[in-house]
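It should be emphasised that the depicted structure is a prediction, and the values quoted were computed from it without experimental measurement. Any value given below was found using the heavy atoms of this structure, including those in side chains, with hydrogens, waters and symmetry copies removed. In what follows, every chain begins at residue 1, and chains take the letters A, B, ... in the order their sequences are listed.
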Protein chains: 2
Amino acid sequence: MTDNGRTHARIRITVDLVIFTVRQESLQVLLVKRGNPPYRGRLALPGGFMRDHENLDGAARRELLEETGLGGPDVPHLEQLGAYSDPGRDPRGRVVTVSYLALAPDLPAPTAGSDAAAAVWEPVEPLLSGGDRLAFDHDVILRDALEHARRMLENTTLATAFCERDFTMGDLKRVYEAVWGVPLDLRNFYRKVNRTEGFVVPTGEKRSLETGRPALLYRKGPATLLYPPMTRASHSGHESSAQSPK
Amino acid sequence: MTDNGRTHARIRITVDLVIFTVRQESLQVLLVKRGNPPYRGRLALPGGFMRDHENLDGAARRELLEETGLGGPDVPHLEQLGAYSDPGRDPRGRVVTVSYLALAPDLPAPTAGSDAAAAVWEPVEPLLSGGDRLAFDHDVILRDALEHARRMLENTTLATAFCERDFTMGDLKRVYEAVWGVPLDLRNFYRKVNRTEGFVVPTGEKRSLETGRPALLYRKGPATLLYPPMTRASHSGHESSAQSPK
DNA sequence: ACAAAAGTGTTTGAGTTACACCCATGA
DNA sequence: TCATGGGTGTAACTCAAACACTTTTGT
């Protein structure tokens with residue numbers, strides 16, 4: 001921590017947000033098309049510079065609000081992931097960025113007109129396995145964030161952050177399936193969720209779809225950690241009601 | 001990421017190292033006594049400013065080498081944890097720090113004369129539950145790092161980073177006991193370690209203490225993740241050889 | 001009555017805990 | 001031969017995956 005006349009320039013600091021949501025059975029991330037150089041026209045993670053009076057968490061909350069409109073009493077989960085610091089990662093000069101992970105429910109409008117040209121939801125899977133590259137080192141940041149999100153669903157109750165206030169077990173199961181990319185057995189899923197006291201609390205209401213039995217509705221409970229953790233396994237075969245071997 | 005004339009000063013960036021070791025059955029952390037204001041005379045985590053040509057990981061490796069002499073081919077584990085950014089966390093001005101976790105074997109000399117006044121190993125437990133406060137926000141950083149290290153032993157093979165090149169099962173067990181703060185059953189510990197292919201590899205050698213049966217020696221294996229994870233439980237009672245009910 | 005989705009109960013087998021017990025050495 | 005740490009074997013129990021089966025709706 002001692003400063004003995006060595007060469008260490010002052011540096012600009014940004015936050016970059018990896019905002020995930022689950023839409024149409026797939027995990028998607030919010031990206032903006034850059035309107036200015038560098039990387040003009042390329043997709044990038046939303047983000048911006050940390051200001052003088054705020055800390056990193058504050059900057060991340062502000063950017064999240066600007067990009068999605070989320071942030072009042074109904075704050076989605078927001079968590080710092082890591083710092084990216086290679087000299088040369090930003091052509092404009094020495095810029096260190098700190099990435100944040102946000103989990104949001106499926107939002108009606110992709111964005112609420114910020115300074116970014118256009119914000120779009122993009123499926124994550126195609127972005128990582130081939131496809132166009134994102135601006136800066138955002139491919140790496142996105143990959144790290146996905147890894148982190150998958151771990152989080154195993155050990156915490158944060159899957160509920162992807163859901164509306166009221167949700168069904170099927171909704172919650174689809175979140176796990178989208179993030180992990182594996183099918184789950186709904187019947188075992190019930191027990192795993194219910195064995196952790198306070199993961200979800202029933203509202204007493206039901207929701208009717210076009211077809212099928214109406215599902216009970218739940219809300220996020222007070223629990224935050226999962227003991228024991230969720231395990232990604234259990235390939236559901238639709239083997240029950242309509243395929244008895246007799 | 002767009003810069004539209006807003007107020008965002010350039011900032012200085014430091015790395016702070018939480019270097020853990022296990023000595024005398026207890027988890028200890030390397031601290032330096034500050035020779036200059038602010039917090040002169042107080043204990044602090046070793047660290048320093050990131051330089052122009054290097055990234056954060058490079059700065060952390062350099063500081064680790066300066067403080068402990070470790071860093072050649074026998075690199076200890078070094079991992080980025082998080083960024084601490086509150087305005088006012090450093091009286092000298094706006095300084096953002098990024099913390100790193102390092103796991104080191106019990107080193108002969110606490111340090112190799114760096115620019116820091118004096119480096120000492122301090123037991124972690126007393127530091128967190130009462131006692132003197134560390135400089136800056138290093139109490140918070142230390143607490144976060146301990147939490148992270150405990151999680152790491154559950155899910156990775158990194159406990160071996162605390163050991164010498166050759167170690168016994170008893171050595172490895174003592175690492176877990178020191179970091180987790182709970183006693184383990186050596187007999188079940190064997191199986192847990194051995195069920196993960198490549199956690200440790202036997203050398204064929206043995207080590208004799210003053211008393212007792214000589215123990216087989218092992219080295220770190222190629223595995224890095226633990227499936228399934230280690231679980232902290234299993235209170236060893238010394239119930240075997242010498243207390244049969246007959 | 002049928003299809004489709006929601007939810008419950010039961011079998012089975014793998015994994016863990018808690019031990020009894022044996023082994024190898026120094027004093 | 002005793003004390004001390006090292007190491008193996010095993011019975012009882014727990015838990016979770018797999019799957020049969022029942023319930024509740026819309027058409």
Novice: Nearest-Å distance, CZ (A:Phe189) to C1' (D:dC19)?
Specialist: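 A:Phe189 atom CZ is separated from D:dC19 atom C1' by 19 Å.
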
Novice: Whole angstroms only, please: what is the CG-P distance between A:Asp171 and C:dA5?
Specialist: 13 Å

Novice: Rounded to whole angstroms, how far apart are CG on A:Asp185 and P on C:dG7?
Specialist: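 That distance rounds to 14 Å.
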
Novice: What is the distance, to the nearest angstrom, from the CG atom on A:Leu172 to the P atom on C:dA5?
Specialist: 18 Å

Novice: List the steps, then state whether side chain to side chain donor-acceptor pair (under 3.5 Å) holds for A:Lys173 with A:Thr168.
Specialist: CA-CA 9 Å; A:Lys173 167 175 169 284; A:Thr168 69; over 6 Å; no

Novice: Listed in order of residue number, which residues of residues 212-222 of chain A have a non-hydrogen atom at under 4.0 Å from DNA chain D?
Specialist: A:Gly212, A:Arg213, A:Pro214

Novice: A:Ile19 and A:Thr68: which non-hydrogen atoms are nearest, and at how many Å?
Specialist: CD1-CG2, 3.9 Å

Novice: Taking the minimum atom-to-atom distance to the side chain of A:Arg187, which one of C:dT16, C:dG9, C:dC19 wins?
Specialist: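 Comparing C:dT16, C:dG9, C:dC19 against the side chain of A:Arg187, the answer is C:dG9.
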
Novice: Between P on D:dC19 and CG on A:Leu186, what's the gap in Å once rounded to a whole number?
Specialist: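 In whole Å, D:dC19 P lies 16 Å from A:Leu186 CG.
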
Novice: Kindly write out the residues that satisfy side-chain hydrogen bond (donor to acceptor under 3.5 Å, both in side chains) with A:Arg219, not counting sequence neighbours, or none if the list is empty.
Specialist: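 Applying side-chain hydrogen bond (donor to acceptor under 3.5 Å, both in side chains) to A:Arg219 gives A:Asp166.
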
Novice: Using a 4.5 Å cut-off on heavy atoms from C-beta on, say whether the side chain of A:Gln80 contacts that of A:Val98.
Specialist: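 SC-SC contact between A:Val98 and A:Gln80 confirmed.
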
Novice: If I take atom CG in residue A:Asn194 and atom C1' in nucleotide D:dC15, what distance separates them, rounded to the nearest angstrom?
Specialist: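 A:Asn194 atom CG is separated from D:dC15 atom C1' by 16 Å.
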
Novice: Under 4.5 Å between any side-chain heavy atoms of A:Thr231 and A:Glu154, yes or no?
Specialist: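 Of all side-chain heavy-atom pairs linking A:Glu154 with A:Thr231, none is under 4.5 Å.
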
Novice: Considering residues at least two apart in sequence or located in another chain, which fulfil the ring-ring contact (aromatic ring centres under 6.0 Å, His included) criterion with B:Tyr176?
Specialist: B:Trp180, B:Phe189

Novice: So does A:Lys192 get a side-chain nitrogen or oxygen closer than 4.0 Å to the phosphate oxygens (OP1/OP2) of D:dA17?
Specialist: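 Answer yes for this pair, as a side-chain N or O of A:Lys192 is under 4.0 Å from OP1 or OP2.
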
Novice: So A:Arg195, base contact, sugar-phosphate only, or nothing? Heavy-atom distance under 4.0 Å.
Specialist: sugar-phosphate

Novice: Under the side chain to side chain contact (heavy atoms under 4.5 Å, CB included) test against B:Tyr100, which residue among B:Leu56, B:Ile141, B:Asp16 passes?
Specialist: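 The passing option is B:Leu56.
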
Novice: Tell me: CZ of B:Arg191 to P of D:dT8, nearest whole Å?
Specialist: 9 Å

Novice: Report the residue (B:Thr211 or A:Tyr190) whose heavy-atom-nearest nucleotide on DNA chain C is the more 5′ of the two.
Specialist: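 Per heavy-atom nearest nucleotide, the more 5' residue is A:Tyr190.
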
Novice: Separation of B:Met169 atom CE from C:dC23 atom P, in whole Å?
Specialist: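 In whole Å, C:dC23 P lies 20 Å from B:Met169 CE.
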
